[in-house]
*Asks:* 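Take this structure first; my questions come after.
Residue numbers begin at 1 in each chain, while the letters A, B, ... track the order of the sequences.
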2 protein chains.
Amino acid sequence: MIFGFDENELKILLIRSDLEIFKGQWSLLGDFAADNEELDGAAYRVLCERTGMTDVYLEQVRTFSKPGRHPGGRVLTVAYCSLLNIEQHKLGKMDNELHWHTVKGIREMAFDHKEIMEFSYTWLQKRIMEHPLGFNLLPEKFSLRELQNLYEAILDIKLDRRNFRKKFFSMDFLIDTGEYEDDVPHRPGRLYQFNFEKYELNKRRWTGIDF
Amino acid sequence: MIFGFDENELKILLIRSDLEIFKGQWSLLGDFAADNEELDGAAYRVLCERTGMTDVYLEQVRTFSKPGRHPGGRVLTVAYCSLLNIEQHKLGKMDNELHWHTVKGIREMAFDHKEIMEFSYTWLQKRIMEHPLGFNLLPEKFSLRELQNLYEAILDIKLDRRNFRKKFFSMDFLIDTGEYEDDVPHRPGRLYQFNFEKYELNKRRWTGIDF
DNA sequence: ACTAAATGTGTAAAAATAACACACTAAAAA
DNA sequence: TTTTTAGTGTGTTATTTTTACACATTTAGT
């Protein structure tokens with residue numbers, strides 16, 4: 001499950017299924033693990049191979065094991081969730097078979113991947129409430145508005161501007177970089193702070209997913 | 001990971017390792033899944049075979065996959081967590097090779113089972129804060145004191161009597177059965193309510209682990 | 001008879017969360 | 001050029017949740 005965030009929507013990276021019976025359907029990225037490969041490493045390998053990116057958030061979600069879930073025989077799938085900056089990925093050359101889909105818009109998928117996706121999405125919604133993972137979906141520097149849009153998209157709810165800001169500042173993860181974004185069209189509003197002042201993650205205070 | 005609760009301590013059911021190199025060490029209960037078996041079902045099968053019990057809480061925790069974690073070759077372990085009423089289990093004839101250990105007292109285990117146990121224990125501590133799972137470790141009818149002792153043992157903290165009671169009553173999961181326990185030595189205290197009045201789970205209100 | 005340990009009970013403080021309004025700015029529309 | 005619309009900045013209050021806390025009472029143990 002490779003998630004990205006673009007145009008204020010949560011996206012997921014999919015590939016066209018290469019199996020005849022799932023022709024035209026989309027499937028999650030995956031691969032078989034080598035005999036001597038730890039699954040964390042295998043998932044990371046696939047991630048890097050497919051996206052060309054490194055240093056990406058990745059965490060195990062759950063194992064799916066229904067018999068018959070793969071037409072070719074018995075296959076267990078250990079699902080991993082990854083969050084990356086979609087812009088950074090798009091800058092590299094995009095594999096032709098890969099496509100970013102909106103999470104909300106997907107109707108049908110190959111195998112039991114719809115079920116896996118829905119489970120992982122619910123998992124992510126919960127996870128993001130407990131750990132500051134959202135940063136991984138944004139560029140290094142971002143505005144509060146971008147961050148709030150991200151949370152609203154993932155959780156599929158509206159958040160209060162003031163409470164959101166209060167919450168994040170109280171956690172003390174954000175550093176005000178003092179920079180402003182200038183080369184995007186200005187929105188209404190007095191000081192542009194919310195929209196254009198850039199923040200970044202305070203890495204001294206946040207050293208991992210557990211806090 | 002088969003957890004039980006006895007003598008105010010969290011216990012876990014272990015078996016002596018049958019491998020020479022782990023001689024004398026304890027290991028978690030497990031088995032290989034059959035070719036056409038869903039892992040949920042396989043875990044449940046092992047659970048029933050070993051304990052003779054049915055209708056037991058069981059949930060997937062995580063998959064462990066380090067190469068070399070099993071001397072006989074590549075083995076992936078999908079850990080499941082089960083909570084059962086230890087009294088009920090003890091009433092059946094106890095397999096000679098099985099033994100209930102205190103979770104806190106275990107020093108060494110076969111394979112990487114110590115790591116799996118610690119991960120699952122942490123998982124359980126978190127899980128039990130979010131879902132009312134504790135009931136599964138107690139007999140059908142139990143006192144508030146038993147329930148509090150259980151939470152204190154699992155979380156390894158002291159809880160306030162009044163706040164604990166308030167919390168559980170506000171959740172509205174408990175039914176006062178009107179019964180009292182008489183055949184155990186009375187403890188000090190005025191009305192015995194906390195210690196001896198029996199409650200049971202309100203199954204109308206609690207239909208699963210998600211609430 | 002006395003001591004020790006555990007009980008029953010309610011309230012107040014603190015912390016976290018949720019709700020809310022108005023003046024201001026810029027873009028878009030008229 | 002004016003008007004409308006949408007979006008911003010800011011602080012306070014109310015609500016809810018969580019935590020802290022004391023004393024009279026009861027039984028077991030000595």
*Asks:* Is a donor-acceptor contact shorter than 3.5 angstrom present between the side chain of Lys158(B) and the base of dT19(D)?
*Replies:* no

*Asks:* Could you state the CG-P distance from Asn163(B) to dA22(D), rounded to the nearest angstrom?
*Replies:* 13 Å

*Asks:* Phe119(A) ring centre to Arg62(A) NZ or CZ under 6.0 Å, with the angle to the axis within 45°?
*Replies:* yes

*Asks:* Between Arg161(A) (CZ) and dG11(D) (P), how many Å, whole number?
*Replies:* 13 Å

*Asks:* Nearest whole angstrom, please: distance from the P of dA20(D) to the CZ of Phe164(B).
*Replies:* 16 Å

*Asks:* Identify the two heavy atoms, one from Phe5(A) and one from Ala153(A), that lie closest to each other, and give their separation to 0.1 Å.
*Replies:* CE1-CB, 3.7 Å

*Asks:* Are any of the side-chain nitrogens in Glu37(B) or Arg45(B) under 4.0 Å away from the carboxylate oxygens of its partner?
*Replies:* yes

*Asks:* Would you say Arg165(B) places a side-chain N or O within less than 4.0 Å of OP1 or OP2 belonging to dT9(C)?
*Replies:* yes

*Asks:* State whether Arg162(A) places a side-chain N or O below 4.0 Å from either non-bridging phosphate oxygen (OP1 or OP2) of dG11(D).
*Replies:* no

*Asks:* Could you state the atom-to-atom distance from CD of Glu146(B) to P of dA6(C) in whole Å?
*Replies:* 16 Å

*Asks:* Report the distance from atom CZ of Arg145(B) to atom P of dT27(D), rounded to the nearest whole Å.
*Replies:* 17 Å

*Asks:* Please work out which of the three classes, parallel, tilted or perpendicular, describes the rings of Phe3(B) and Tyr121(B), given edges at 30° and 60°.
*Replies:* tilted

*Asks:* Does a distance-only test, which skips hydrogens and angles, find a donor-acceptor pair under 3.5 Å between the side chain of Lys166(A) and the base of dT12(D)?
*Replies:* yes

*Asks:* To the nearest Å, give me how far apart CG (Asp160(A)) and P (dG11(D)) are.
*Replies:* 14 Å

*Asks:* Taking CG from Leu159(B) and P from dA20(D), how many angstroms apart are they, rounded to a whole number?
*Replies:* 11 Å

*Asks:* Could you tell me how far apart Asn149(B) (CG) and dA6(C) (C1') are, to the nearest whole angstrom?
*Replies:* 12 Å

